[in-house]
Amino acid sequence: MTSAPIRLWDFHGGIHPEQNKRQSTQEPSAQARMPATLTLPLHQHIGAAAEPIVEVGETVLKGQKIASANGYVSAPVHAPTSGKIVAIGDYPIPHPSGLSALSIVIETDGRDEWVRYAAKQDYTETNPSHLRNIIREAGVVGLGGAGFPAFIKLNPGSQKKIKTLIINGVECEPYITCDDMLMREDPQSILEGIRIMRHALQAERCVIAIEDNKPEAYESICKAARGVEGVNVALVPTRYPQGSEKQLVKVITGKEVPSNGLALDVGVVCHNVSTAAAIYRAIHLGQPLISRMVTVTGKGVKRPRNLEVLFGTPMDELLAQCDVEADQIERLIMGGPMMGFALHDTNLPVIKTTNCIIAATRNELGVERPVMPCIRCGACADVCPVKLLPQQLYWYSRAKELDKVQEYDLFDCIECGCCSYVCPSNIPLVQFYRFAKGAIWTQEQEQKKAAQARQRHEFHQMRIEREKQEREARRAKKKAARPSAAAPKAPPADGAKIAEKRRDEAISQRDSAAAARKAEIQAALARVQAKKRAPQKTAEAPDKTEEKTAPATTAERAAATQKSAITKKDNATSTHDDDQPVQ
Amino acid sequence: MLNAILALSALALTFGLLLGFAAIRFKVEGDPLVDQIDAQLPQTQCGQCGFPGCRPYAEAIANEEAEINQCPPGGEATIHALADLLDREPLPLNPENGVEAAKTVAVIDEQTCIGCTLCIQACPVDAILGAAKQMHTIIESACTGCELCLPPCPVDCIEMVEIKEDILTWKWPYPEPATIEQPTDNRQGATA
């Protein structure tokens, strides 16, 4: 560790909500109990859902891949323990919508038997692209809460030079202590993970950022980082939302990430401390991501603490292990009180992005006060860490003026909730912004679909027009060919008569074609009706069956005659096309 | 006197030529207003507005032959967009044209399909795949849910299925209106 203290910068706004972190750090972390079944949703990350590669009834080992990544921005899912696949289907997942999604259910066998992957101690001799592949195949995603596939953020591309790698140990949201506990208990894994990441990114320096409300974690990391060249540990003053990537980049480097841009654009890559530890396990131990540290806290549990939990474990098992008082819980929240969301059920599975579960009692997270009109006090703009105008965004979102709301840079909003927190009128501002973002995305998708439909419709019309022209051209050609063929046989005076005759003939032919088609349809209809009746038929008496089959046979007969009519007609048209029999 | 006439004539000629040249050089092809209106329509080509497709309806609106509230698939959003574009008052959707319904796609019961191709001819966006006496199927991503394939089907094997919401298409709802009190106009009190 380089000893010189590094310069820190400031970011706009921010708030100081009550910490509530002490409760869950009273005792060391523990292993969560192994449940009887694990439910693993295939969409635990940002990007496309993974695709199952196992079948029901199959036996799997701990760490075995059970679903593979589907596309670039995606992550595979592994079996957290050995057992049998008992179901693959839609199960409720922890999501603000309360909807279900495709999941794999494993019945655990208690043996906890590992599948062996090759461990790589000598990662420095492996090229970065190969390292990224191992990390990708290990299903490692950002464990800070967003769940973005980690290997993508380790791939700066050949054009960009990475100056600073920031390791995020800020954990600014109240209640959450899982990163804190990890830094206290296992700093070595984090440091090893950082070495691998620096090798993959070829980053010049690395800064580990920790808020000053976690002195134990800071001590622990400093001790582990002592003597490691190019790694700084920064103790940053506690303020929410410092853990947000763009704000942390500002605090550590003084650079602002451009609107619609990435930290990569200013030569910075930011990873969470837990992600670093997961990368260490993937590379050094050959273990895919199958578990994580989860903070179980809130006044609804008597023993709030951190548990190392296998993915897929039902949350009520964790609550039970922390001595839950089920009748006291009013709301169960996944994530922090600022950016988390209320869960619809207590038996939802823990997934890769579950960093905290808050079993909140009545009024624990603030008394619900009535919403009042905006008084234009401007407190929201003072605390906005992105320097937006929350008030304007509110008016336009509320009025569903989606163009206007984008003019005020809605998509730079990080949904941190500072504006809602300070609003004296208790307006659910962030909910309006989320609604507006969703509405804009829907509108964009609809416009894309409309453009596609317009294109297809235009092509459809062009095709019909072309076919019509082709038909007309053929007719004109025929017309041109006919008089020349007829000329030697018949005097020109009879031309009109011949034309009339031919027209009659054409009309009668067309009528017969239409009749044949009608007959075909009727026959088919009868066939279908007969088929629909078939199941009833078997149930009824045999003498009735004979009666019922009668129309079917008639229909078939009709179909047969009509079929021959069509063949005849086809023959007629083909001769008609080739050369002209003139009567 | 003569000078003035000459000068004015020369000016008139110059500007005339300039305008004439501009009219040819910067000629706008087609009717841009129709394009703008057409861009706001959902392109289902369903004909519920009483016109054979979205573009004919857009032309009718541009010529002030049709109201802006005749598009049920577009619903309120389209009416507001058209009202903004044309600077007209937004109207409620005309119930004669239909009601705003959930988005659907057509699904062919392949067991019942007889391969008559009638639906293929009816589909305005060529979203049905099949050939004579071959089973037909619908290209779901291209289907606009216009229901035009339903009437021609002789065996009623096409069904409209509502598009189900999943976690990828789910969006945060509009915050409960009950919790938001309308701001009262207290300026009235001040002036009174």
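Per chain, numbering begins at 1; letters A, B, ... match sequence-line order.
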| query | Are more than 12 heavy atoms from other residues, nucleotides or ligands located less than 6.0 Å from atom CD of Glu89(B)? | reply | no
| message | For the backbone of Arg454(A) and the side chain of Arg55(B), can you confirm whether one donor and one acceptor N or O come within less than 3.5 Å of each other? | response | no
| note | When rounded to the nearest 0.5 Å, the distance separating CD1 of Ile139(B) from CZ of Arg456(A) is 5.0 Å
| said: So, taking the atom named NE2 in His43(A) and the one named CG in Leu168(B), what distance separates them when rounded to the nearest 0.5 Å? | reply: 5.0 Å
| request: Examine whether an atom of Glu458(A) lies under 4.5 Å from a heavy atom of chain B, and if so say whether it belongs to the side chain, the backbone or both; otherwise answer neither. | output: neither
| CD/Glu96(B): more than 12 non-hydrogen atoms of other groups inside 6.0 Å | no
| task | Step through the shown structure and confirm whether more than 12 heavy atoms of other residues, nucleotides or ligands are within 6.0 Å of CD on Gln461(A). | result | yes
| task | Nearest 0.5 Å please: distance from the NE2 atom of His80(B) over to the CG atom of Leu402(A). | result | 11.5 Å
| task | Might you point out which heavy atoms bring Val125(B) and Ala453(A) nearest each other, and give the distance in Å? | result | CG1-O, 3.6 Å
| Are Lys103(B) and Glu446(A) close enough that some pair of their side-chain heavy atoms sits under 4.5 Å apart? | yes
| task | Tell me, out of Arg463(A), Gln447(A), Lys437(A), who's got the most heavy-atom pairs with chain B below 4.5 Å. | result | Arg463(A)
| In terms of heavy-atom proximity below 4.5 Å to chain B, should Ile93(A) be classed as side chain, backbone, both, or neither? | side chain
| field | Part of Gln452(A) within contact of chain B (heavy atom distance under 4.5 Å) | value | side chain
| query | Do Pro173(B) and Phe435(A) come within less than 4.5 Å of each other through their side chains, counting heavy atoms only? | reply | no
| task | Output the option from Ser397(A), Ala48(A), Gly438(A), Ala49(A) having the highest count of non-hydrogen pairs under 4.5 Å with chain B. | result | Gly438(A)
| Note, Thr169(B) side chain near Gln445(A) side chain (heavy atom, < 4.5 Å) | no
| task | Could you tell me whether Gln455(A) atom CD has more than 12 heavy atoms of other residues or ligands within 6.0 Å of it? | result | no
| For Glu159(B), does the CD atom have more than 12 heavy-atom neighbours from other residues, nucleotides or ligands under 6.0 Å away? | no
| Does any heavy atom of chain A fall under 4.5 Å from the side chain of Ala77(B), the backbone, both, or neither of them? | neither
| message | The test is side-chain contact (heavy atoms from CB on, under 4.5 Å); show your working for Trp441(A) and Lys171(B) and say whether it passes. | response | CA-CA 9 Å; Trp441(A) 283 323; Lys171(B) 299 278 150 30; 4.0 Å; yes
| field | Minimum heavy-atom distance Trp170(B)-Pro96(A), with the two atoms named | value | CH2-CB, 3.8 Å
| said: At a 4.5 Å cut-off on heavy atoms, which part of Asp166(B) comes close to chain A: side chain, backbone, both, or neither? | reply: backbone
| query | Hey, which of Thr44(B), Asp84(B), Ile167(B) has the most heavy atom pairs under 4.5 Å with chain A? | reply | Ile167(B)
| query | With a 4.5 angstrom heavy-atom cut-off, which part of Ser425(A) approaches chain B: side chain, backbone, both or neither? | reply | neither
| task | Take atom CD of Glu140(B) as the centre, draw a 6.0 Å sphere, and report whether it contains more than 12 heavy atoms from other residues, nucleotides or ligands. | result | no
| query | By a 4.5 Å heavy-atom criterion (distance strictly below it), what part of His457(A) contacts chain B: side chain, backbone, both, or neither? | reply | both
| Taking atom CZ of Arg88(B) as the centre, does the number of heavy atoms from other residues, nucleotides or ligands within less than 6.0 Å exceed 12? | yes
| When you look at CZ of Arg25(B), are more than 12 heavy atoms from neighbouring residues, nucleotides or ligands closer to it than 6.0 Å? | no
| Cationic tip of Lys400(A) above Tyr174(B) ring, under 6.0 Å, 45° of axis | yes
| Tell me, side chain or backbone of Cys123(B) under 4.5 Å from chain A's heavy atoms, or both, or neither? | backbone
| query | Looking at Pro42(B) and Ala450(A), what are the two nearest heavy atoms and their distance? | reply | O-CB, 3.7 Å
